[in-house]
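Have a look at the structure below, then the notes.
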Amino acid sequence: MPIPYLGVVGIAEALGVSRHAVHKWRTRYPSGSDHPFPEPDVEVDGAPGWRPERVTDIVRWRDGLPGRGSGGGRPTLARQEYLKEAAARGLTRDEAVRALATFAAEFPEMTEQELCAWVVGKWRR
């Protein structure tokens, strides 16, 4: 049976970013750099592929990017939706971000995108 791999588009969808962002990361952070992008598990005709379980490695890599501290760039679509729903429920941005960090500590196996979708799903019931 074939082994499923995620390409650049699959990684982008899993992280809630564009495929261009993934290409940019791979170019800006090659192997040998201070913060290299996780190497693909396979390449087919020059196209990289990662096992689905490697998404958590890539999320950790992204979270460790320089400058991703306070205010470090535009939030992912999942985070934007989460913050919008949190504001609709009367939470300040700081409260919503602290709550998300608490959830992340409680459920380390979930990516931020998964956590945001899970909380928004609970709120919309």
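Computed from a prediction, not measured in an experiment: that's the story for all the values here.
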Nearest heavy-atom pair of G90 and E95: which atoms, and what distance? O-OE1, 4.0 Å

In the structure I gave you, are the side-chain heavy atoms of E109 and E114 within less than 4.5 Å of one another anywhere? no

To the nearest 0.5 angstrom, please state how far the CD atom of E112 sits from the CZ atom of R62. 6.5 Å

Nearest 0.5 Å, what's the CG-CG distance between L6 and L15? 10.0 Å

Heavy-atom closest pair (R51 atom, D41 atom, distance to 0.1 Å) is N-OD2, 2.7 Å

Tell me, do W25 and I11 make a side-chain contact under 4.5 Å, heavy atoms counted? no

ILVMFWY cluster membership beyond V42 - transitive side-chain contacts under 4.5 angstrom: I3, Y5, V44

Which residues end up grouped with V97 if you chain together Ile, Leu, Val, Met, Phe, Trp and Tyr wherever their side-chain heavy atoms are less than 4.5 Å apart? Y82, L83, L100, F103, F107, M110, L115, W118, V119, V120, W123

Start with the C-alpha distance between R60 and D63, add both sets of side-chain angles, then the distance that settles salt bridge (charged side-chain N to carboxylate O under 4.0 Å, His left out), and finish with yes or no. CA-CA 5 Å; R60 273 191 228 105; D63 290 346; over 6 Å; no

Taking side chain as C-beta onward, heavy atoms only, is S31 less than 4.5 Å from E39? yes

Heavy-atom side-chain proximity of P40 to R26 below 4.5 angstrom: yes

What pairs meet the ring pair (Phe, Tyr, Trp, His ring centres under 6.0 Å) rule with one or both residues in residues 41-60, with sequence neighbours excluded? F37-W50

For D57 and P38, the nearest pair of non-hydrogen atoms, with its separation, is O-CG, 4.3 Å

Nearest heavy-atom approach of P36 to G32 is CB-N, 4.3 Å

Considering all heavy atoms, the nearest P52-P4 contact: CD-O, 3.3 Å

Hey, what do you get for CD (E13) to CD (Q113), rounding to the nearest 0.5 Å? 9.0 Å

Can you check whether Y29's main-chain N or O pairs, donor with acceptor, with H35's side chain at less than 3.5 Å? no

